[in-house]
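Step one of this worksheet: look at the structure below.
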Amino acid sequence: MTEENVRVATTIKNPEDKGAEPKKFAFDFSYWSHDGYNERPDGYLEPKDSKYADQQRVFDDLGKGVLENAWKGYNCSLFAYGQTGSGKSYSIVGYGTNKGLIPMACEELFRAIEEKRKAAGKDEDYQVTLSMLEIYNEQVRDLLSSKPPQKGGLKVRQHPSKGFYVESLITAPVSSYSQIDNRINEGTRNRTVASTNMNATSSRAHTIVAITFIQKTPNETGQSMTKTSVINLVDLAGSERAESTGATGDRLKEGSAINQSLSMLGNCIAALASNSGVPFRDSVLTKLLQNALGGNSKTIMVAALSPADINYEETLSTLRFADRAKAIKTQAVINESPTDKLIRELREENARLMEMLKQGGGVAGAVMIGEAVDPRQQGALEDQMRKNQEELEEMKKSYEDRMKDSQSEAKDPSLTAMIVHFCREGTSKVGNKKASPPPEILLNGLSIQPQHAVVTNKKGTVTLKPLQGAKVLVNGQVVKIMFGSNHLYVFHHPQDEAKKVKAGQPVKEPTYDEAQEEIVKQTGLVSGDSANKSKEDLLLQEDLIELLPMVNEANSMSEELDKKVKYELALVSPQARGLKEGRTEVMVKMKNLENGNEWLLDRNKFINRKYLMQEMYQNFMEGDKDWDVPKEKDPFWEPPSSDVQIGSVHVYLQSLGYLVELQENLAITDFKGNDCGHLMLEILPCDDKWKELPEEIYAESPQDLLKKPLNFKLKILSARGLPGNMKQTYCKFKFYLDDKETKTEPVGDTINPDYNFEKKYSYKTVTQGLLDYLENESLVVEVWGQQKEEGHRSGATTDKNKLTTKDMMSRERSGLGMATAGAAAAKNDEKNKSSNATSTAPSTNATSKPAAAGQAASEDEVLVKIYGLIDAAKAKGMTAIPITDIEASLVKHFSSSAIVRKHAAAGGQAKNTPTSPAGKDKGKKENSSRACVLQ
């Protein structure tokens with residue numbers, strides 16, 4: 001799309017037809033960034049030789065030209081196109097120290113502005129603003145807004161001379177690269193991403209970052225002139241084939257929408273290249289890219305390619321797309337006008353629009369006086385007048401004024417411009433607009449009750465008392481109070497603050513992030529000082545702080561919409577995911593309160609659903625009769641047919657290295673470390689005719705097997721004591737260098753399935769790599785299944801359909817739904833009595849009645865534990881089990897049982913018997929119940 005002479009040829013060969021003539025394409029630049037680099041200690045990838053193109057080289061070739069045109073007053077556009085996983089986001093945004101075109105361009109722009117300001121006169125001014133949006137399923141969402149997305153997304157309007165624009169889009173003034181970097185990071189966190197087979201963080205929406213650069217300088221005659229350049233940086237969602245990405249359900253629908261909008265974009269580019277009618281109005285994406293593609297803009301396109309041979313067709317399609325785009329010629333002009341002229345033109349246009357409104361909403365003179373006004377046309381004219389007036393007011397402001405306004409609004413999105421409520425002498429009621437009489441402190445939003453709380457000020461002593469069923473959280477040295485799910489206030493006592501000022505003590509201004517960090521710490525999910533945490537722990541804490549308010553919000557929406565679903569944070573270790581090492585991931589457990597079925601949602605899937613929940617809730621609050629949707633589209637619903645992981649076992653393989661058969665009865669543990677059944681399996685060394693080796697044949701050392709053949713059978717026999725809500729179950733695993741997972745046939749309608757699975761492995765030559773695997777690694781067998789429609793429910797249980805979601809969540813917290821939640825509630829009830837406040841964070845609720853320390857363990861659970869001890873004793877050749885071992889096991893696994901605690905106290909067992917060396921297992925159990933799931 002550039003008018004420079006063609007310099008570089010790009011060639012692609014068909015891997016399935018090596019004799020065919022390679023296809024050649026000519027572009028201005030062609031880069032190789034797949035390999036051929038060294039990683040510096042700071043993480044930057046620098047080239048080993050001239051073949052590898054690092055981020056700096058790409059910026060020097062493309063980004064600098066964009067900035068030069070921006071200083072001249074041209075509109076500029078740079079967008080990346082290519083399939084999922086090809087590196088579009090890496091080129092445009094970058095990763096870590098390998099900054100992409102956007103951050104590098106911003107950094108260079110502000111460096112140049114600072115140089116200009118040093119020598120600037122009093123009439124010179126340089127202003128930069130930023131907006132960031134995404135187009136997801138043909139709806140526009142503001143990525144810089146902390147508000148829930150409105151129904152149908154933001155509206156796209158058309159200006160007579162400036163083309164299409166997004167109404168009510170936030171344009172944030174920025175004065176430094178660090179500010180723009182923070183804003184882009186904020187927007188990037190809000191982007192809609194999800195995992196596909198081709199990319200673990202695939203962009204599921206088109207993202208447009210618009211940087212508006214305004215220069216006000218006097219010309220030769222001293223007249224103030226304004227140059228305006230809009231730099232559009234576009235990261236298109238990946239084009240994809242469903243079979244390549246493994247997309248299903250939500251991902252498949254998104255992929256269809258992505259491919260459809262990209263197809264429309266291709267149609268526009270083809271029409272522009274052939275100078276025929278251009279269908280810009282066919283999609284939101286092409287509307288907003290109209291200027292970039294065929295209007296007033298200097299445009300650069302980056303086509304990102306995958307080097308993998310399996311992606312030949314997609315890569316060829318991308319090259320053809322870019323080749324068509326190269327033929328487009330844009331007509332860019334310098335956007336420069338006298339400042340006074342711009343202001344005058346805006347005023348004149350508003351006067352003309354007002355006249356049109358007076359004459360009925362049409363063209364002047366075309367409508368009879370008294371004729372009915374078209375409401376749609378009148379609304380469009382009023383919107384245009386309002387936008388013109390806003391632009392007029394902005395032009396009158398100096399850059400300093402705009403920055404002050406921005407800072408007062410954006411120091412913290414959730415705590416800025418704080419609404420002040422005075423705690424007057426006497427009593428003030430807190431509630432929503434449904435209260436009668438109206439409360440002194442009126443709050444609206446999620447989980448705010450008509451009668452929510454009472455604030456009493458008696459002679460300078462302020463007390464906060466939550467009313468029945470109300471959610472109130474009080475925490476922190478600087479007292480922060482959260483009403484419901486998202487009303488966060490800071491309590492200031494003027495006498496205390498005056499004392500601190502008089503004593504010269506600093507009065508710290510709280511931030512929203514600090515408040516959320518305190519809430520997360522109170523749940524027990526994180527602890528300790530951030531300064532002493534590792535990088536992995538800090539990333540984990542950041543994810544928790546981000547997701548905790550979202551989970552609270554989702555639960556509040558579920559309550560108000562009566563969806564009978566509850567969400568909880570879950571920490572899932574790499575071992576629970578079948579990995580040897582890696583980061584602990586924050587996931588969200590979704591529980592159906594009617595039948596007890598549970599699912600684990602990854603972070604991206606939950607965030608995507610939360611936006612759909614917000615849209616549904618917004619429709620509900622606006623009184624839309626069609627706010628509810630069929631369950632297939634309901635973000636609060638998950639089909640029972642979705643596969644869920646029950647747990648996993650780790651099989652250590654050292655015995656196979658000695659040609660000794662392995663017969664195991666292993667506990668199946670879930671992500672919390674709780675046992676949920678046992679798995680019986682065997683690994684049997686065999687000869688070349690698949691007869692099992694006799695006991696007298698074995699290897700003195702695993703090294704004896706090196707460069708020799710190895711044959712063995714892996715048998716998964718059965719499982720016992722699986723959860724009763726499973727409709728059918730199966731096992732899957734990968735052994736050594738397996739590319740694909742091996743699955744057993746599913747077995748249904750039993751908690752004690754017999755899989756009777758066998759797979760033969762034959763290695764003609766044992767390598768050192770295989771021996772290392774047998775010696776140091778473990779085979780992870782995962783047990784999966786599908787849940788019954790009725791879940792854990794039975795005919796003898798209470799009909800939960802008669803209970804509301806709020807009632808069900810209250811039962812969960814009180815211990816009727818879950819013993820551990822009840823125990824936590826009782827413990828925290830004592831802790832928070834002095835504050836007289838109800839805790840919602842979220843494992844505690846002071847309005848709950850103190851529950852029993854725990855419910856008695858079921859007979860099946862006790863039997864599973866005891867038989868586990870028996871099997872372990874048999875494996876060691878023992879004929880008897882010491883009583884102390886049984887007591888220790890009961891104390892370890894059923895510490896919440898009143899019967900176990902009573903006997904343990906009588907025998908001194910709970911106090912004196914260690915459960916493992918240095919009490920490690922005890923600590924592990926505490927962590928698994930407290931830290932892995934946030935109730």
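The stretch residues 540-550 participates, sequence neighbours left out, in these salt bridge (charged side-chain N to carboxylate O under 4.0 Å, His left out) pairs: Asp543-Arg583, Glu546-Arg603.
Applying the salt bridge (charged side-chain N to carboxylate O under 4.0 Å, His left out) test to Lys563 and every residue at least two apart in sequence or in another chain returns Asp628, Asp634. Looking at residues two or more places apart in sequence or on another chain, you find no ring-ring contact (aromatic ring centres under 6.0 Å, His included) involving Phe636. Partners of Asp624 according to the salt bridge (charged side-chain N to carboxylate O under 4.0 Å, His left out) rule, which considers only residues two or more places apart in sequence or in another chain, are Lys151. Take Trp627 and apply the ring-ring contact (aromatic ring centres under 6.0 Å, His included) test, not counting sequence neighbours, and it matches Phe620. Not counting sequence neighbours, Glu782 has no partner by the salt bridge (charged side-chain N to carboxylate O under 4.0 Å, His left out) test.
In this model, no donor atom of one side chain and acceptor atom of the other lie less than 3.5 Å apart for Ser558 and Asn555. A donor and an acceptor atom, one from each side chain of Glu598 and Gln787, are nowhere located under 3.5 Å apart.
Aromatic ring centres of Tyr136 and Tyr611: separated by at least 6.0 Å.
The number of heavy atoms from other shown groups lying within 6.0 Å of NZ (Lys727) does not exceed 12.
Residue Asp562 holds its CG atom at 11.5 Å from NZ of Lys806, rounded to the nearest 0.5 Å. Remark: Leu569 CG to Leu544 CG distance equals 6.0 Å, nearest 0.5 Å.
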Do Glu440 and Lys429 pass the salt bridge (charged side-chain N to carboxylate O under 4.0 Å, His left out) test, and can you show the C-alpha distance, the side-chain angles, and the key distance before you say yes or no?
CA-CA 5 Å; Glu440 288 77 9; Lys429 295 178 181 177; over 6 Å; no
Glu638 and Arg609: salt bridge (charged side-chain N to carboxylate O under 4.0 Å, His left out), yes or no, with the steps?
CA-CA 11 Å; Glu638 186 74 21; Arg609 287 198 175 191; 2.5 Å; yes
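Salt bridge status for Arg141 with Glu134: present, with a side-chain N to carboxylate O gap under 4.0 Å. Contact check on Arg720 versus Asp754 returns a salt bridge, with a Lys/Arg side-chain nitrogen under 4.0 Å from an Asp/Glu carboxylate oxygen.
Exactly one residue among Leu601, Val588, Leu547 makes a side chain to side chain contact (heavy atoms under 4.5 Å, CB included) with Ile607. That residue is Leu547.
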